[in-house]
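Right, one structure below, let's go through it.
Proteins get letters first, then strands, A, B, ... in listed order; numbering begins at 1 in each. Atom set for the values below is all heavy atoms of this structure, side chains included, hydrogens, waters and symmetry mates excluded.
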Amino acid sequence: MSLEDIYKDAIMDHYARPRGRGKLEHPVIVYHAHNPTCGDEIEVQANVEDGRIQDVRFSGHGCSISQASASMMTVAMKGKTLPEAKATLAKFLGMMRGEPGSYKELGEVQALQGVSRLPVRLKCATLAWHALEVGLSQHESGQSPRGPVHVLESKDL
Amino acid sequence: MSLEDIYKDAIMDHYARPRGRGKLEHPVIVYHAHNPTCGDEIEVQANVEDGRIQDVRFSGHGCSISQASASMMTVAMKGKTLPEAKATLAKFLGMMRGEPGSYKELGEVQALQGVSRLPVRLKCATLAWHALEVGLSQHESGQSPRGPVHVLESKDL
Amino acid sequence: MLNVADIRKDFPIMGQKVHGHPLVYLDNAATTQKPRQVIDAIVRYYETSNANVHRGVHTLAERATEQYEEAREKVTRFINAPSRRNVIFTRNSSESLNVVAYSWARKFLKPGDEIVVTPMEHHSNLVPWQQVALHTGAKLRFIEMLPNGLLRTDNLGEIITEKTRLVAVTQASNVLGTINPVTGIVRLAHQVGAKVVVDGAQSVPHIPVDVQALDLDWLAFSGHKMLGPTGIGVLYGREDLLDSMDPFLFGGEMISRVYLECAEWSELPHKFEAGTPNIAGAIGLGAAIDYLNQLGMKNVSDHEQRLVRYAIERLEAIDGFRLYGPKEPRGGLVAFNLGDVHPHDVATVLDTYGVAIRAGHHCAQPLANWLDVTATNRASFYIYNDEADVDTLASALVKTKEFFSHVA
Amino acid sequence: MLNVADIRKDFPIMGQKVHGHPLVYLDNAATTQKPRQVIDAIVRYYETSNANVHRGVHTLAERATEQYEEAREKVTRFINAPSRRNVIFTRNSSESLNVVAYSWARKFLKPGDEIVVTPMEHHSNLVPWQQVALHTGAKLRFIEMLPNGLLRTDNLGEIITEKTRLVAVTQASNVLGTINPVTGIVRLAHQVGAKVVVDGAQSVPHIPVDVQALDLDWLAFSGHKMLGPTGIGVLYGREDLLDSMDPFLFGGEMISRVYLECAEWSELPHKFEAGTPNIAGAIGLGAAIDYLNQLGMKNVSDHEQRLVRYAIERLEAIDGFRLYGPKEPRGGLVAFNLGDVHPHDVATVLDTYGVAIRAGHHCAQPLANWLDVTATNRASFYIYNDEADVDTLASALVKTKEFFSHVA
Ligand SMILES: Cc1ncc(COP(=O)(O)O)c(C=O)c1O
Ligand SMILES: Cc1ncc(COP(=O)(O)O)c(C=O)c1O
């Protein structure tokens with residue numbers, strides 16, 4: 001695998017100029033994820049209105065992959081209905097798990113596909129998405145938006 | 001190694017017709033030894049008069065080697081002065097440890113030499129001797145004749 | 001049916017001569033031999049993939065982590081655990097049982113509680129509970145044994161009661177060969193709200209074991225008794241129980257966050273795996289499981305059953321042979337005495353004929369007391385043993401008898 | 001002087017290519033590679049001598065026991081322990097430290113007592129003491145660190161006081177490379193009647209360590225970090241201390257007599273080795289010690305010193321390179337950051353050039369907090385590394401820097 005297979009242009013671009021960085025005033029979804037291997041932390045916040053993700057942001061620190069992936073996620077998710085968001089999440093996680101299929105609909109997010117062959121970095125790439133996933137399901141089950149810190153372990157993608 | 005190298009005639013004879021089996025009325029030396037690997041137990045008792053081992057007995061149960069060796073020990077030790085007894089003990093343990101040298105003076109006890117090549121059975125062969133050794137040193141240091149049960153471990157010959 | 005001749009070819013140690021005789025290895029309950037496939041898996045790991053697991057970004061670390069976790073998946077499937085989160089790697093059965101004793105029993109038991117065990121337990125499934133009793137004030141109670149070595153079941157309801165918090169029982173005895181009625185015991189225990197920890201050291205290597213079908217709370221077993229390397233064992237635990245337990249060992253790998261004064265724990269199963277694990281050991285165990293799966297555990301069990309029946313028939317014909325334990329059902333081993341010949345002497349004589357058996361209390365002294373013997377002989381079979389091995393054993397025993405006939 | 005070219009020939013993994021580049025393995029503080037001699041010792045054991053130890057009369061059991069105990073003798077001499085009774089085989093350093101925590105500290109410490117540690121400890125020499133504090137009411141106190149990563153010693157007398165019962169300190173830091181003044185700490189601790197447990201995970205593999213000369217109470221280390229197999233570690237302990245400690249794990253091997261309700265313990269060292277040990281692991285560690293002895297630990301240490309000096313010189317020339325820890329004295333490793341490039345990215349890029357380093361908190365999160373970083377890169381050297389490896393590392397770092405120059 002070459003450097004360019006991993007660090008695709010889209011990744012480097014999102015890393016250099018992250019979209020959706022920051023926090024929201026009154027988020028209804030807040031989820032803080034932590035990767036114990038490297039100490040990366042990402043907090044995902046979102047607002048939902050009329051069944052649609054009205055805005056979504058991330059904060060925290062981490063490597064290029066985790067930051068770029070979080071940035072891409074905010075772009076991909078903004079404006080989606082909850083079912084659409086969940087479908088996209090499932091599609092993304094399937095791609096990262098290496099499941100065969102077409103991922104065209106993920107657009108530039110496909111740039112992360114190369115990372116799926118690096119098990120350890122995989123956790124970096126999925127951290128923010130995983131945080132949103134848990135945040136969404138907490139939201140749907142009516143749980144408080146401030147869940148516990150979630151720890152991503154190897155293989156529990 | 002053949003059977004006959006281990007089970008020398010002298011051993012089988014002492015096993016079949018043990019000498020010195022039993023207990024004393026008022027022993028000044030009593031030491032109970034236990035081999036945890038096989039459950040063998042041997043109690044050695046002795047009386048000392050005028051610095052001489054006046055009588056020595058063994059009781060308990062165990063394999064042919066441990067029984068024969070205990071029996072041989074009673075024969076070898078009876079009537080010896082304490083320094084003589086200690087010298088014989090040292091000689092015997094040296095032989096069993098495989099130290100080079102002449103062991104002629106040990107007489108029929110030399111029959112046990114073959115066992116020195118069987119590390120696990122070695123413990124059987126030295127059980128009674130070891131018990132007497134500890135009993136003697138307890139006696140000399142004025143300790144009570146009823147010491148704790150002693151456990152012989154591998155390699156602490 | 002197993003093809004023993006083919007199987008033997010996989011075991012490099014089998015070619016060996018002992019005192020001039022071909023090795024007949026009948027000490028499998030103590031530890032089994034290792035097939036080429038297991039040895040190769042260890043060598044391959046060290047030669048191509050060795051690195052520390054879970055923490056590294058580089059290629060070797062990824063490879064090592066993948067292989068280590070793949071071994072965990074193999075164990076998971078082998079005992080039909082719901083998930084890899086239920087499968088903790090330990091050193092051996094003894095450590096697995098101690099984890100339950102320290103992290104669950106010492107935490108939750110109190111005076112008045114009762115722990116039910118059996119008198120046939122290996123020390124590793126008895127002494128930890130004695131210590132739990134000592135430290136918590138709980139009381140040990142013993143299931144009774146019938147004269148033939150089976151557990152008495154008609155009064156189980158008097159022993160497993162509302163006071164019982166834990167039942168610790170072996171699935172197969174390492175001396176008597178008894179196969180215990182785990183299903184019934186689990187049902188009774190669960191009815192009164194007690195948990196059941198099963199010592200699978202002598203069952204998992206020999207018969208199909210399904211933790212979900214048996215509804216076990218914990219299961220302990222050792223890799224080295226099932227063709228795997230030394231230094232690797234398994235503790236299976238139900239997830240809610242593992243979650244309720246405190247970690248056992250503290251250190252690297254098992255933590256999520258550490259501050260100067262406190263720490264948070266990793267998720268299952270890592271919470272119970274402190275420090276660098278026996279990576280090569282786990283991978284070797286995985287290869288052992290592959291090997292057993294290829295034979296089929298049902299075939300393994302059938303083979304041993306047939307062999308042990310043949311052995312009992314053959315050995316009982318020897319004058320002075322005394323068998324301990326029930327005839328059926330029984331695991332693939334026979335504990336016995338030969339007239340008055342001390343087991344140590346029997347084992348030594350057999351060794352001069354190349355036959356490796358065990359003599360002693362087999363780490364089950366209370367059982368020896370119950371049998372009223374200080375020691376027994378034990379011949380235990382596995383996949384590479386056949387009728388010819390039993391014949392060699394039998395004729396060596398006859399010679400032993402003769403040799404000692406004029407003395408013992 | 002070590003002949004690295006010759007040494008490399010002994011390591012089968014070294015021939016390997018990673019992403020098309022020859023493997024440059026610089027993750028030795030995590031685990032080391034294994035020479036042919038160690039792998040062969042394991043294979044030879046399984047192919048010729050495999051049996052359970054300490055209990056068997058037959059030839060294989062005798063052979064296995066002899067080899068296992070011979071490995072213990074090798075460890076005994078390697079650290080100059082007074083006797084084999086002082087040497088307990090465990091799984092790894094983490095378990096060794098936990099044995100002291102459970103069997104000594106939890107038994108003897110009480111509220112008001114103090115445990116002194118340092119902020120640079122690996123989690124394995126910190127979290128067990130946090131737990132001891134929690135369970136006994138003892139208090140943790142921390143030796144201070146100077147900005148350069150050395151321990152502050154001028155106020156040690158205020159931290160190690162009459163209240164101190166235990167000092168837990170690493171001899172060599174796995175991040176900073178700091179070599180701690182163990183002799184002085186031991187003297188001070190012993191003056192106030194405190195015991196000292198030393199984490200030797202990063203010292204025993206790299207420098208000559210003499211437990212008697214250092215007057216240590218306990219020493220913990222791991223086989224896998226010194227050319228040995230995974231799954232084997234050592235706890236050295238002073239005999240009177242080991243005698244005063246309760247056993248840790250309960251089960252087979254560690255008992256002398258067992259009754260239904262109680263048990264007596266074996267003599268040292270067996271009292272602390274419950275169940276079937278990692279026999280092949282111990283034998284493999286013995287072979288690793290033979291290998292290191294043949295090189296000479298003084299030569300090993302000199303080689304690493306020279307290499308790390310060269311590495312620091314070479315790497316500090318790289319723009320944005322930031323070294324953590326003191327320059328001298330230091331163990332054979334360098335922890336660093338490269339401008340703003342995240343260590344995970346550095347490690348991934350280096351991997352594409354075949355260079356294996358570690359990125360993360362290296363199981364020392366409190367130290368990372370102290371350094372005010374979430375992660376660092378770490379390159380750690382051993383006997384098979386040379387100046388060319390450092391050069392490869394340096395040029396790969398320069399390329400990493402360039403690659404990220406337009407973003408980070
Ligand atoms: C200083 C130090 N202590 C303890 C450990 C733990 O060693 P192990 O994982 O072998 O238990 C390590 C290794 O990671 C270490 O570097
Ligand atoms: C029934 C039983 N339980 C537990 C053990 C202990 O196994 P290990 O020594 O691998 O911990 C054994 C094996 O000796 C056994 O036979």
Side-chain angles (χ1 to χ4, degrees), chain C residues 12-13 18 27 30-31 33-34 39 43 46-48 50-52 55-60 91-95 98 122-124 127-128 130-131 140 222 224 229-231 249-252 255 258-263 274-276 278-281 344 347-348 351 356 358-360 363 365-366, chain D residues 12-13 18 27 30-31 33-34 39 43 46-48 50-52 55-60 91-95 98 122-124 127-128 130-131 140 222 224 229-231 249-252 255 258-263 274-276 278-281 344 347-348 351 356 358-360 363 365-366:
Chain C
I13 208 169
V18 169
D27 194 15
T31 200
Q33 298 304 334
K34 320 304 172 201
I39 301 173
V43 171
Y46 284 130
E47 290 192 352
T48 66
N50 175 65
N52 213 323
R55 294 179 291 201
V57 168
H58 58 79
T59 299
L60 291 183
R91 178 169 38 241
N92 50 30
S93 304
S94 303
E95 189 188 16
N98 275 274
H122 187 280
H123 296 158
S124 295
V127 186
Q130 292 178 345
Q131 290 293 315
L140 285 193
S222 299
H224 70 94
T230 55
L249 299 177
F250 301 91
I255 54 80
V258 178
Y259 309 95
L260 280 177
E261 307 278 351
C262 64
T276 305
N278 187 352
I279 307 166
H344 256 191
T348 295
D351 188 54
R358 181 129 308 207
C363 290
Q365 284 184 20
Chain D
I13 208 168
V18 169
D27 194 15
T31 200
Q33 298 304 336
K34 321 303 174 199
I39 300 172
V43 171
Y46 284 130
E47 291 193 350
T48 66
N50 175 64
N52 213 322
R55 295 179 290 202
V57 168
H58 58 79
T59 299
L60 291 184
R91 178 170 39 242
N92 50 30
S93 304
S94 303
E95 188 187 17
N98 276 274
H122 187 279
H123 296 157
S124 294
V127 187
Q130 293 178 344
Q131 290 293 314
L140 286 192
S222 299
H224 70 93
T230 55
L249 300 177
F250 301 91
I255 53 80
V258 177
Y259 308 94
L260 279 177
E261 305 278 351
C262 64
T276 304
N278 187 352
I279 307 167
H344 257 189
T348 294
D351 189 54
R358 181 129 308 207
C363 290
Q365 284 184 21

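- To the nearest 0.5 Å, the span separating CD on D/Gln131 from CG on C/Leu249 amounts to 11.5 Å.
- Most heavy-atom pairs under 4.5 Å with chain D, from the set C/Ala359, C/Pro229, C/Gly281: that is C/Pro229.
- C/Ile279 places none of its side-chain heavy atoms less than 4.5 Å from the side chain of D/His224.
- Every residue meeting the side-chain contact (heavy atoms from CB on, under 4.5 Å) condition with D/Ala30, not counting sequence neighbours, appears here in chain and number order: C/Asn52, D/Asp27, D/Arg358, D/Arg378.
- Between the side chain of C/Glu261 and the backbone N or O of D/Gln130 there is no donor-acceptor pair closer than 3.5 Å.
- Put simply, the side chain of C/Leu260 does not reach to within 4.5 Å of the side chain of D/Leu140, judged on heavy atoms.
- Contact annotation for C/Ser222: neither backbone nor side-chain heavy atoms come within less than 4.5 Å of a heavy atom of chain D.
- Proximity of a side-chain donor or acceptor of C/Gln365 to a complementary backbone N or O of D/Tyr259 within less than 3.5 Å is not detected.
- D/Ile39 touches chain C through its side chain: at least one heavy atom from C-beta onward sits under 4.5 Å away, while N, CA, C and O do not.
- The two residues D/Ser94 and C/Gly275 make their nearest non-hydrogen contact at OG-CA, 3.2 Å.
- Side-chain contact between C/Asn50 and D/Thr31 is present, with heavy atoms from C-beta onward closer than 4.5 Å.
- The shortest non-hydrogen separation linking C/Phe250 to D/Asn98 is O-ND2, 2.7 Å.
- Heavy-atom pairs under 4.5 Å with chain D peak, among C/Val43, C/Thr348, C/Thr48, at C/Thr48.
- Of all heavy-atom pairs between D/Cys363 and C/Gly252, the closest is SG-CA, 4.1 Å.
- Residue D/Ser93 does not touch chain C at all, counting heavy-atom pairs closer than 4.5 Å.
- Ranked by heavy-atom pairs shorter than 4.5 Å toward chain C, the options D/Val18, D/Leu60, D/Thr276 are led by D/Thr276.
- Contacts between D/Val258 and chain C at a heavy-atom distance below 4.5 Å involve backbone atoms as well as side-chain atoms.
- In terms of heavy-atom proximity, C/Ala274 sits nearest to D/Asn92 at O-ND2, 3.5 Å.
- Judged as a ring-ring contact (aromatic ring centres under 6.0 Å, His included), and not counting sequence neighbours, D/Tyr46 has no contacts.
- Put simply, the side chain of D/Asp351 does not reach to within 4.5 Å of the side chain of C/Val57, judged on heavy atoms.
- Listed options C/His122, C/His344, C/Glu95 were ranked by heavy-atom pairs under 4.5 angstrom with chain D; first place goes to C/Glu95.
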